Amino acid sequence: MNHQIDIEELVSLRHTLHQNAELSNQEEKTAQIVKSYLEKFKPDKVYENIGGHGLIVEFKGSSHKILNIGFRADLDALPIDETIELEYGSKTENVAHKCGHDGHSTMVAGIAQFITQLKNRKNSIFLIFQPAEEIGEGAEAISSFLEEKNIQLDYLFGLHNLPGFEKGSIVTRKGTFAAASTGMVIKLKGQTSHAAEPENGVSPAIAFSNIIQGLTNLTEKSKFHHLVLSTVIHAKMGEIAFGTSPGYAEIRATLRAYKDEELDKLITLAEELVIKESEEHGLIYKLEYTESFPTTENSEDILKLLKDTAGEQSLNFKEKEEPFKWSEDFGHYKRITKSGFFGLGAGTDCPMLHNDTYDFPDEIIADGIRMYTGLIQFFEANG
Ligand SMILES: [Zn+2]
Ligand SMILES: [Zn+2]
């Protein structure tokens, strides 16, 4: 089999996406650019505007006993200014692709070049471009859409580029690949009073300080088997008015764990702390959660498949000892299908993700596509 991937065409697609960077839930133009690129490959079906601007492009298989195999990319950029000189620099003020989702989308789009050259393909291929990865919403929206449409994926694969790892290497692990996390919002309501008469009000000050301290102590090793983290990311109380004793406070924390069950346990402990402190200090509390990500995981079978595929494609394979502490919303897909996730090395000299000097390295586009097309070939041969 001799398949030709036109990398130059894909580099140009990546640069167009980079120029047109859009924030989570605003990826309208980005989705249009990807769609118009893919239309020339004459897909069998195009589903648009999923959960906002999500896009799914389906290439139907030919055999009766087909597998539905999905490849997922993310479309969104970040609220970070482009500070480096690039010919294709972001045209959107204060928004740029600093997580490499322009590269991820390009690689998944590139699969179309391969599958249209694959004669008598048995399996159906779904190219999935999800919105709002950075805020943990897009994967759930795509999952619900697939369920509504009764599209059962047999497998779904995704990758994230990884600065700090050798260019084009495949990095993954069995079990948790990326941590689970959630944003916890704690609202405490008391009663303001004159600062000269604090006894006539209900100040949240003591509970506020106890909760901030307590959140940090929740992660004591004795209570957990794996890494858990509780990071207070924002807190505010009262107003800047020296004549007023405060009546309201808010605390925001990110809770994180290597296991979904341990994140649940951490949440329960955090809630118990808020309830106890609120009751002791006569406050009304309200709890909200946002940006929730389950763990992204690989089964033993998937790990073997990824390892074998990387080997066949002569890509360096590295099995990571520890999970990544960051979260990836790909974890939501494990609810609806067998899923596999891996990192693609972006180079040891590549600036870190979300750094304003970061730019997706075009040299690894071919490697990512080789891994994806290797997986397609595996299922064609063995599916
Ligand atoms: Zn990111
Ligand atoms: Zn990302």
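Just so you know, these numbers use all the heavy atoms, side chains as well, and skip hydrogens, waters and symmetry mates. On a predicted model such as this, the values are computed, not experimentally measured, just so you know. Ligands are counted one by one from 1 in listed order, and the atoms in each one are counted from 1 as well. The first residue in the sequence is number 1, and the count goes up from there.
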> Is Glu58 paired with Lys149 through a side-chain N to carboxylate O contact shorter than 4.0 Å?
Replying inline: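 No, this pair does not count.
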
Answer with yes or no whether the side chains of [Y] and [X] bring together a donor and an acceptor at under 3.5 Å.
X: Asn161; Y: Tyr358; value: yes
X: Glu328; Y: Thr296; value: no
X: Glu87; Y: His15; value: no

> When you measure from the Zn ion (ligand 1) to each N, O or S atom of Glu134, which atom gives the shortest distance?
Replying inline: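 Relative to the Zn ion (ligand 1), the closest nitrogen, oxygen or sulfur of Glu134 carries the name OE2.
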
> Do you know which N/O/S atom name in His160 is closest to the Zn ion (ligand 2)?
Replying inline: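 Minimum-distance N/O/S atom of His160 relative to the Zn ion (ligand 2) is NE2.
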
> Within the stated cut-off of 2.8 Å, is an N/O/S atom of His101 closer than that to the Zn ion (ligand 2)?
Replying inline: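 A backbone or side-chain N, O or S atom of His101 is under 2.8 Å from the Zn ion (ligand 2).
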
> How about Cys99: does one of its N, O or S atoms come closer than 2.8 Å to the Zn ion (ligand 1)?
Replying inline: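 Yes, Cys99 qualifies, because one of its backbone or side-chain N, O or S atoms lies under 2.8 Å.
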
>> Is Glu133 close enough to the Zn ion (ligand 1) that one of its N, O or S atoms comes in under 2.8 Å?
In response: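 For Glu133, the answer is no, given that no N, O or S atom comes within less than 2.8 Å of the Zn ion (ligand 1).
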
> Out of His101, His97, His53, which residue meets the side-chain hydrogen bond (donor to acceptor under 3.5 Å, both in side chains) rule with Asp76?
Replying inline: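 Exactly one option meets the side-chain hydrogen bond (donor to acceptor under 3.5 Å, both in side chains) with Asp76, and it is His101.
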
